[in-house]
Chemist: 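Following this message is one structure expressed as structure tokens.
Below, chains carry the letters A, B, ... as their sequence lines are ordered, and counting in each starts from 1. As a basis for the values below, the full set of heavy atoms in this structure was taken, side chains included, without hydrogen atoms, waters or symmetry mates.
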2 protein chains.
Amino acid sequence: MDSVANSAKAAAATMARLDSKVIAAGLRAAADALDGRAEELAELADRETALGTPRLVGEVARTTGQLWLFADVVEQGRHFERKVSELPEGAPARTLHKINIPLGVVAVFAASNFPFAFSVAGGDTASALAAGNSVIVKAHHGHPQTSMQVGRIVSEALVGAGCPTGTLQVIHGGDAVGRALVLHHDVAAVGFTGSTVGGRALSDIAASREDPIPVFAEQGSINPVVIAPTAFGDAERVGRQFAASVLAGHGQFCTKPGVLLVPDSHADDLVEILRREMTAPAEMYLLTDKIHSQFTAKIDELRSAHAVDIWISEFSPGGYSVPAMLAVADLATYLSTPALSEEIFGPAVVVVRLSGITELKRAIQSFTGNLTATVHGDPADEWVKLATERMAQRVGRMVYGGVPTGVAVDRAMHHGGPYPSSSSSLYTSVGEDAIKRFVRPIAYQDFPDDLLPVAARA
Amino acid sequence: MDSVANSAKAAAATMARLDSKVIAAGLRAAADALDGRAEELAELADRETALGTPRLVGEVARTTGQLWLFADVVEQGRHFERKVSELPEGAPARTLHKINIPLGVVAVFAASNFPFAFSVAGGDTASALAAGNSVIVKAHHGHPQTSMQVGRIVSEALVGAGCPTGTLQVIHGGDAVGRALVLHHDVAAVGFTGSTVGGRALSDIAASREDPIPVFAEQGSINPVVIAPTAFGDAERVGRQFAASVLAGHGQFCTKPGVLLVPDSHADDLVEILRREMTAPAEMYLLTDKIHSQFTAKIDELRSAHAVDIWISEFSPGGYSVPAMLAVADLATYLSTPALSEEIFGPAVVVVRLSGITELKRAIQSFTGNLTATVHGDPADEWVKLATERMAQRVGRMVYGGVPTGVAVDRAMHHGGPYPSSSSSLYTSVGEDAIKRFVRPIAYQDFPDDLLPVAARA
């Protein structure tokens with residue numbers, strides 16, 4: 001660990017002095033190198049994750065698109081957020097130049113469910129590098145070969161473009177390695193995508209340091225959906241949309257719609273469509289042994305729960321294969337059955353029958369922080385108005401008329417939310433603003449131009 | 001505590017829906033009301049803090065200037081940081097509207113050393129209110145009457161302008177009250193100005209919650225100063241500047257220059273000027289019993305330290321009265337004497353004699369995070385270049401040719417720094433960006449205009 005950290009520290013010192021155009025060139029070279037080997041990488045990742053080559057080729061493209069986006073931001077210097085003030089006579093300063101500077105060495109914990117977009121070359125790494133930091137990625141044990149290969153390709157590309165050796169390093173290991181990484185005195189910040197339990201553990205370790213460091217953890221979510229009475233004019237379309245969203249990535253997206261709140265009078269229609277659409281044509285494999293055993297245990301638990309109507313699709317057991325699951329319950333049962341209201345990571349969704357708007361209020365009241373909430377129905381529908389206002393207090397992204405899966409990589413995106421969906425609701429892990437997690441501001445007061453960092457002069 | 005928190009929670013819910021023009025009006029009404037009673041408030045505060053009426057009248061003006069600044073930001077809606085995107089065909093969303101929204105109830109811990117500017121109506125309160133939160137201030141026990149009076153005046157002004165009752169509440173009490181406040185489930189964030197020990201205690205409490213909340217603590221600093229050989233052409237001016245800066249507020253500013261690094265060959269000249277200038281004409285009283293006893297204990301400790309040359313000014317003992325103190329040591333002594341390198345809160349400064357640039361490097365290497373660093377000398381001086389580059393890695397604000405005391409309230413100001421000078425180096429507690437501590441982003445995806453919050457539509 002010390003040798004990796006030393007190398008990262010030396011790289012960070014060099015990165016901090018590099019012209020940001022070199023960093024932009026490094027990000028683009030990395031993107032090009034990954035794009036050039038997308039098929040090969042997707043096949044390797046499919047052997048490790050069973051997520052399917054087409055989806056994985058698409059994920060490489062999303063990953064490299066992200067690298068390109070950050071390269072543009074860095075080349076234009078937008079991440080510096082440069083501000084210059086001339087102060088009036090009598091003020092304690094005459095001029096102030098404020099810019100953002102990198103934190104140093106950033107530790108990134110890769111996710112299991114996105115072997116590219118939230119892994120070695122994913123959003124955390126891309127935004128930390130863009131900010132001018134060096135990065136140590138702790139690979140996810142679910143796709144070690146893919147991690148090593150991506151690490152090699154990106155690292156070579158960065159160095160080829162002029163970034164120092166040690167700018168990106170990949171390490172492997174269990175909880176002890178992760179703990180040592182977060183405690184290492186040269187590590188200045190942590191990015192994480194995974195479970196609430198995992199993210200909280202890292203936050204607690206970071207908070208215990210003599211010099212606490214920030215942990216930006218994206219920790220999962222149940223992503224409630226409110227389907228108002230007026231949405232059932234086209235129940236078929238709504239049902240198909242949500243079945244596809246629940247099954248995408250075999251239900252292993254942090255934005256998977258986990259609970260659908262529906263008026264009791266329309267619930268049977270929706271459930272019928274969902275069951276038909278969730279009779280998955282392809283076999284679904286989960287990412288790891290742990291995810292598989294947690295999912296099957298959850299089905300068993302719910303099967304014995306009182307007043308919960310459980311349906312599972314036909315499937316061929318074997319490996320980490322699982323069926324799709326649909327659970328239906330009334331609100332009282334939902335609220336009194338923890339297994340229903342916790343995140344179920346895998347191809348499962350819970351439909352909650354509501355007797356009316358009073359029950360809708362009670363349901364919303366029960367939610368803690370979430371990444372997203374989705375609302376379907378007419379804008380004038382009381383359910384829609386209520387859900388829009390009240391869910392906004394509990395989530396980081398509101399979706400109208402669509403599905404929460406599919407996170408646009410854009411400057412106006414927010415991917416994060418109140419605890420426990422993320423460790424800090426003030427930050428996004430997707431889109432341009434993700435860079436802000438890995439910079440800190442500094443002000444130069446009354447400095448002559450020659451002594452200012454280049455980015456502050458511009 | 002529960003009744004205060006309930007009232008704050010109800011107020012936060014109303015504030016979140018208020019037109020931001022009403023909040024701007026509330027901030028201005030508060031500023032006007034304080035300005036109208038500046039003399040009376042300064043006299044009250046002087047009885048509690050002995051900081052002197054002229055300085056305290058000035059501090060009221062700084063405080064109300066800050067309220068005006070935030071009112072302008074809020075009226076223009078700059079704090080929303082609104083971003084709108086139309087996404088290309090094939091993207092997972094068609095439109096995104098991103099804005100910042102308030103966190104809810106913010107707890108503010110007032111400082112002892114600024115009974116106005118970092119207390120009940122200070123920067124933390126002003127920025128939290130500006131963001132649309134309600135605020136509970138835990139008053140500092142060093143000026144309880146001033147706190148109550150300011151709380152009454154500001155609260156009435158806010159309510160008069162249309163903000164809800166409970167928007168600003170002031171509570172009093174010791175550590176147990178502070179702890180209960182940080183642990184209260186309705187409190188969403190904490191602002192603090194004070195010692196490293198105090199800030200860390202609050203951070204640890206917040207991190208232990210079931211739902212951890214952010215603590216933005218400004219925790220003190222030694223504010224190193226490098227006076228390069230080329231600065232001694234005008235030693236008289238430099239010496240006078242720093243003597244005044246050390247004695248300002250009786251040495252109780254978080255930006256007080258605590259250690260001066262000077263070339264050995266010029267040290268005697270500087271020390272002579274400092275001693276002459278620090279022979280304080282007025283008596284100096286410290287803010288609290290605790291600060292007084294810590295300061296006098298520090299003098300006693302340093303008097304018995306090996307190889308430390310201690311000088312104190314003449315003074316009349318009594319109450320919390322203290323002399324000014326000047327300690328002089330070589331680098332080896334400085335590095336091996338913790339009492340010299342720790343923050344000394346009060347009218348004291350340490351001069352460190354350096355044999356050359358190698359010792360300058362070692363001295364800088366020894367510093368942890370600081371709010372500021374100051375450099376004096378010619379831009380071409382090797383000392384200046386080295387100090388500028390290396391100190392920037394350790395501080396939040398670099399000052400050239402001036403003094404660190406006097407923090408301009410401006411959009412390009414940064415008041416914060418790496419741990420332990422603040423709990424999070426990513427934020428400022430002074431200037432427009434201070435608002436960012438108390439908002440979180442939310443993205444609305446594909447929402448019809450009618451359902452968007454007013455601030456997102458604009």
Chemist: For Ile101(B), is it the side chain, the backbone, both, or neither that has a heavy atom closer than 4.5 Å to a heavy atom of chain A?
Modeler: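 When you check distances to chain A, only side chain atoms of Ile101(B) fall under 4.5 Å.
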
Chemist: Measure Pro420(A) against the heavy atoms of chain B and call it side chain, backbone, both or neither at under 4.5 Å.
Modeler: neither

Chemist: Relative to chain B, which segment of Ser85(A) carries a heavy atom at a distance below 4.5 Å: side chain, backbone, both, or neither?
Modeler: both

Chemist: Write out all pairs satisfying salt bridge (charged side-chain N to carboxylate O under 4.0 Å, His left out) with one or both partners inside residues 386-397 of chain B, taking only residues at least two apart or from two chains.
Modeler: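 Listed by first then second residue: Arg17(A)-Glu389(B).
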
Chemist: Highest number of heavy-atom pairs under 4.5 Å with chain B: which of Val395(A), Ile213(A), Thr372(A), Thr428(A)?
Modeler: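 Of the options given, most contacts go to Val395(A).
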
Chemist: Heavy atom to heavy atom, less than 4.5 Å: which residues from residues 442-452 of chain B reach chain A?
Modeler: Ile442(B), Ala443(B), Tyr444(B), Gln445(B), Asp446(B), Phe447(B), Pro448(B), Leu451(B)

Chemist: Within the supplied structure, the quantity of interest is the number of heavy atoms (other residues, nucleotides, ligands) at a distance under 6.0 Å from Arg62(B) CZ; does it exceed 12?
Modeler: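 Counting other residues, nucleotides and ligands, CZ of Arg62(B) exceeds 12 neighbours.
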
Chemist: Is chain A contacted by the side chain of Ala16(B), its backbone, both, or neither, given a heavy-atom distance below 4.5 Å?
Modeler: neither

Chemist: Please output the residues of residues 378-387 of chain A in contact with chain B, using a heavy-atom cutoff of under 4.5 Å, in numerical order.
Modeler: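 Checking residues 378-387 of chain A against chain B gives Pro379(A), Val384(A), Lys385(A).
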
Chemist: Can you say whether Ala13(A) sits under 4.5 Å from chain B via the side chain, the backbone, both, or neither, judging by heavy atoms?
Modeler: neither

Chemist: Using heavy-atom distances under 4.5 Å, tell me whether Leu426(A) contacts chain B through its side chain, its backbone, both, or neither.
Modeler: both

Chemist: Going by side chain to side chain contact (heavy atoms under 4.5 Å, CB included), Arg440(A) matches just one of Pro418(B), Ser422(B), Ser424(B). Which one?
Modeler: Pro418(B)

Chemist: Go through the atoms of Val409(A) and report whether side chain, backbone, both or neither lie under 4.5 Å from a heavy atom of chain B.
Modeler: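 Contact with chain B: none, neither part.
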
Chemist: Using non-hydrogen atoms and a 4.5 Å limit, figure out which bit of Ala408(B) sits close to chain A: side chain, backbone, both or neither.
Modeler: both

Chemist: If we define contacts as heavy-atom pairs under 4.5 Å, which of Gly402(B), Ala91(B), Ala93(B), Pro212(B) has the most with chain A?
Modeler: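 The answer is Pro212(B).
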
Chemist: Let's test your reading of the structure: which of Pro214(B), Gly396(B), Gly406(B) forms the most heavy-atom pairs below 4.5 Å with chain A?
Modeler: Gly396(B)

Chemist: Just so I understand: if I count every heavy-atom pair under 4.5 Å between each of Gln393(A), His97(A), Met398(A), Lys83(A) and chain B, which residue has the most?
Modeler: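 Ranked by contacts with chain B, first place is Met398(A).
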
Chemist: So for Ala207(A), is it side chain, backbone, both, or neither that comes closer than 4.5 Å to the heavy atoms of chain B?
Modeler: both

Chemist: Please name all residues satisfying ring-ring contact (aromatic ring centres under 6.0 Å, His included) with His376(B), sequence neighbours left out, ordered by chain then number.
Modeler: Phe242(B)

Chemist: Keeping the roles fixed (side chain from Arg200(B), backbone from Glu210(A)), state whether a donor-acceptor pair exists under 3.5 Å.
Modeler: yes

Chemist: Examine whether an atom of Ser208(B) lies under 4.5 Å from a heavy atom of chain A, and if so say whether it belongs to the side chain, the backbone or both; otherwise answer neither.
Modeler: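 Contact with chain A involves the backbone of Ser208(B) alone.
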
Chemist: Measure the spacing between NE2 of His414(B) and CG of Asn100(A) and express it to the nearest 0.5 Å.
Modeler: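 These two atoms lie 9.0 Å from each other.
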
Chemist: Among the options Arg209(A), Arg94(A), Arg82(A), pick out the one with the most heavy-atom pairs lying under 4.5 Å from chain B.
Modeler: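 The candidate making the most pairs under 4.5 Å is Arg209(A).
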
Chemist: Which atoms of Asp211(A) are under 4.5 Å from chain B, going by heavy atoms: the side chain, the backbone, both sets, or neither?
Modeler: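 Answer is both: backbone and side chain atoms of Asp211(A) are under 4.5 Å from chain B.
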
Chemist: Among Pro102(B), Ala392(B), Ala188(B), Gly104(B), who wins on heavy-atom pairs under 4.5 Å with chain A?
Modeler: Ala392(B)

Chemist: Do Ser425(A) and Leu103(B) have side-chain heavy atoms sitting under 4.5 Å apart?
Modeler: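 Sidechains of Leu103(B) and Ser425(A): in contact.
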
Chemist: Any chance you could measure Glu86(B), atom CD, to Asp410(A), atom CG, to the nearest 0.5 Å?
Modeler: 10.0 Å

Chemist: Name the region of Tyr419(A), side chain, backbone, both or neither, that has any atom closer than 4.5 Å to a heavy atom of chain B.
Modeler: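 Only the side chain of Tyr419(A) comes within 4.5 Å of chain B.
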
